[in-house]
Structures are given as structure tokens and as C-alpha cells.
Amino acid sequence: MQPSRTFIPILDNISTFCAAFAPFCIAGNLCGATNRLANPAVGLSLPTVIDLYELLFAVPALLLAGAAAGFAGGLFGIGGGFIVVPALIFLLPLLGVVPQEIAHVAVGTSLASIIFTSLRSTQSHARRDAVDFDLLRSWALWVVLGTAVGTLVAGMISSRQLALIFGMGVLGFAVYFLLPARKGEPLFSGLPTGLPRAGIASALGAFSTLLGIGGGTVTTVTMTVCGAPIHRAIGTAAGMGAIIALPSTIGFMVIGFGAEGIGWGSLGYVNLPAAAALIATSVLFAPHGVTAAHHLPAAVLRAFFGLYLAFIGLVMITRF
């Protein structure tokens, strides 16, 4: 039995639960609180009536960002962090997040949403036998170790520094998407093993954690230059997102424990209402992105996404 087929029923159940549960998370945050209740032990607070009015403006934008992130996740094999983090940077003040903590909460919340976007995209790619589960298993340990390093670094730097790292990383990926796709023979005959694999996987985990992304672009580039077919590389990259995002999300909850000014509904550096809104639409639109990846012209899509990344990178660097 092929590994991808073994995992499909599991991914089916998880994706169905995510799509069904996320709207109730939003409804619970909208209807469940009319006064602020704070628990200093966990740093979780509920909204006031005034907060709920602000949330009504933020929710449609978060739902739209989640849809875009889900579509892009399925299309490019990414977690959608390049779309989610900039949206959160502008919307989190409506949820009471202070400027000094915005970048950390944005990255942590983005990682939380990527868990579900990645699982949904992986499910759809696995149905097309386009996920290398053996690679995911062999890279997982090193990737998780890298996320631990990335989380520790994130806890030691300021929100401005984190935003600058994100902006510069996005600009780097913009260059990759704007350059013509490489054709011809692959640069390497196979994927790295031993110490090179450990180094690349650990760096992937650390870098992706700092940017609040799923590491899909780096995974896709690594696999394609080593001779993997592009669709299999994209499908496997989608699965890498969950491996990166799950431990990273837990890490951002921990390093944000007891922080002040992180907004109502935040558990550490993860804002639960925002994450629920993002997840609600991202899991619905991820399969459409997967379908588009097999039908739309890749060159045009790469160019548009590259221009978007360049714009976002410049905004993040100049704004902070």
C-alpha cells in the first residue's frame, strides 16, 4: 500500500473537523462575552462590547485573507503565511494588540492557521499521489529541531526586528518567483542525506518559524533542483507546513506566556479568534488552489505572486 493512500483517511477526518469547528470558534468569541474577563495565569482574555464592534470590521478581512492563503497554499504548496502575516499586521490592532507585540502575534497566529491549511492541501495533493510521505518522515525530526531554534530566536528579538526579518525574507522569495522557472537537467541527482539533509531541514524549520510561513517555497525549490517533479514537490511542500507549524505554534504560545498587550483572545502569541477566522476559509479554498495548480499557466501565476511578495516585503521593511 502506498504511503500517501494510508494517510488520506486520516487527513479526511482532520480536514472535516477543521472546516466544521472553526466557524463555531468565531461564533463563540462573538457571542460568548460582553465583558472583559482576564486570567493572568494564561494571559487569555475575552472581549468587551466595544471590542466586538471592532471585531465585526476585522472578521470579513480575516476571512478573505484566509481564503487567499488557502488558495495560495494549494496552488504553490505554501502555508499561506506570506498572505496572512501582512493582513494580521494591519488587523491585529483592532483586537487590542499593541504595536510592540504585533509582529510576534502575527507570526504566531499565522503559524496556527498554517497547520490546518497545510493538512487540507496535503489531503488534496495526496489524492493525486503527489506527496512524498517518506521524505516528510525522514526530514521531520530535523525540521522540528529547527523550529525550536527559530522560536528561541523569535523570543529574543523585538517586534521591529522580526518584521524586518519577515520583509527581507519575503523579498528574497519574490526574486525566486519573478525569475523564470529553471528548465533542463536538475542540479543534483537526488535529495541530500546525512549531515546535508540535517542542516537543510533544520535551517528550513528555523527560518520558516521566524517568518511565520510553512516552508513550502524552500521545500519546493530543494526538491525540484534535486530532480523531483514539480507537482510532487508542491504536494510534499504542503505537508511540510504542518510539521513546521505545529511545534512552532506551541512555541509561540509558550514564549508569549504572560506577555502584556497581546490583545483579547490571545493565548501567548497566538490570537485564537483571528486564527479561527483564517482557518474557516483557508481549509475551504485550499482544494481549489490544488485544482488550479494542475490547470492554470504556471509562469503567469509565478509572476503575479512574485510582484505581490515584492510589494509586501517593501511595505514591511518601510513601515516598521
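All of these numbers come straight from a predicted model, not from anything done at the bench.
At least one side-chain heavy atom of F82 sits less than 4.5 Å from a side-chain heavy atom of L211. Counting heavy atoms from C-beta outward, W139 and T222 have side chains that approach closer than 4.5 Å. In this structure the side chain of I317 reaches within 4.5 angstrom of the side chain of L171, judged on heavy atoms. Side-chain contact check for T249 versus F252: every heavy-atom pair is 4.5 Å or farther apart. At least one side-chain heavy atom of I102 sits less than 4.5 Å from a side-chain heavy atom of P93. Side-chain atoms of V107 and Y269, non-hydrogen and from C-beta on, never get closer than 4.5 Å to each other. Proximity of T291 to R128: side-chain heavy atoms (C-beta onward) are separated by under 4.5 Å at one or more points. Side-chain contact between L278 and L88 is present, with heavy atoms from C-beta onward closer than 4.5 Å.
Remark: the backbone N or O of V270 is not paired with any side-chain donor or acceptor of T109 at under 3.5 angstrom. At distances below 3.5 Å, at least one donor-acceptor pair connects side-chain atoms of S118 with backbone N or O atoms of A242. S110 contributes no side-chain N or O that, together with a main-chain N or O of A106, makes up a donor-acceptor pair within less than 3.5 Å. Between the Q161 side chain and the S158 main chain, a donor and an acceptor come within less than 3.5 Å of each other. When atom types are taken as modelled, the side chain of H125 and the backbone of T236 share no donor-acceptor pair closer than 3.5 angstrom.
The hydrophobic clustering, which links ILVMFWY residues whose side-chain heavy atoms are closer than 4.5 Å, places W142 and I213 apart. In the hydrophobic clustering of ILVMFWY residues, with side-chain heavy atoms under 4.5 Å counting as a link, L314 and L307 come out apart. Cluster annotation: L145 is not connected to F207 through the hydrophobic network of ILVMFWY side chains, with a link wherever side-chain heavy atoms come within less than 4.5 Å. When the side chains of ILVMFWY residues are joined at heavy-atom separations under 4.5 Å, either directly or via intervening members, L64 and V283 end up in two distinct hydrophobic clusters. Cluster annotation: L141 is not connected to M240 through the hydrophobic network of ILVMFWY side chains, with a link wherever side-chain heavy atoms come within less than 4.5 Å.
Separation of atoms OG1 (T147) and CG (L210) is listed at 10.5 Å; rounding is to 0.5 Å. Atom CD1 in I250 sits 13.0 Å away from atom CD1 in I255 (nearest 0.5 Å). Rounded to the nearest 0.5 angstrom, L92 CG and S266 OG are separated by 7.5 Å. Between atom SG of residue C226 and atom CG of residue L135 there is a gap of 9.5 Å, rounded to the nearest 0.5 Å. Note: M253 CE to L272 CG = 6.0 Å, rounded to the nearest 0.5 Å. Of the inter-residue distances, the one linking F116 atom CZ with I279 atom CD1 reads 4.5 Å to the nearest 0.5 angstrom.
Closest heavy-atom contact between T209 and L111: O-CD1, 4.0 Å. The shortest non-hydrogen separation linking N271 to A274 is OD1-N, 3.0 Å. Heavy atoms only, all atoms of each residue included: M223 and R232 are closest at CE-O, 4.2 Å. When all heavy atoms of A277 and L62 are compared, the pair lying nearest together is CB-CB, 3.8 Å. Of all heavy-atom pairs between S121 and A238, the closest is CB-CB, 3.8 Å. Smallest separation of non-hydrogen atoms from T117 and A286: O-CB, 4.3 Å.
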**Study point:** side-chain contact (heavy atoms from CB on, under 4.5 Å) assessment of I165 paired with I157
**Key:** CA-CA 10 Å; I165 291 173; I157 61 179; 3.7 Å; yes
Exercise for review: Give the intermediate values and the outcome of side-chain contact (heavy atoms from CB on, under 4.5 Å) for residues I312 and F166.
Suggested key: CA-CA 10 Å; I312 291 298; F166 179 85; 4.2 Å; yes
Exercise for review: Give the intermediate values and the outcome of side-chain contact (heavy atoms from CB on, under 4.5 Å) for residues L136 and F133.
Suggested key: CA-CA 5 Å; L136 293 177; F133 285 101; 4.1 Å; yes
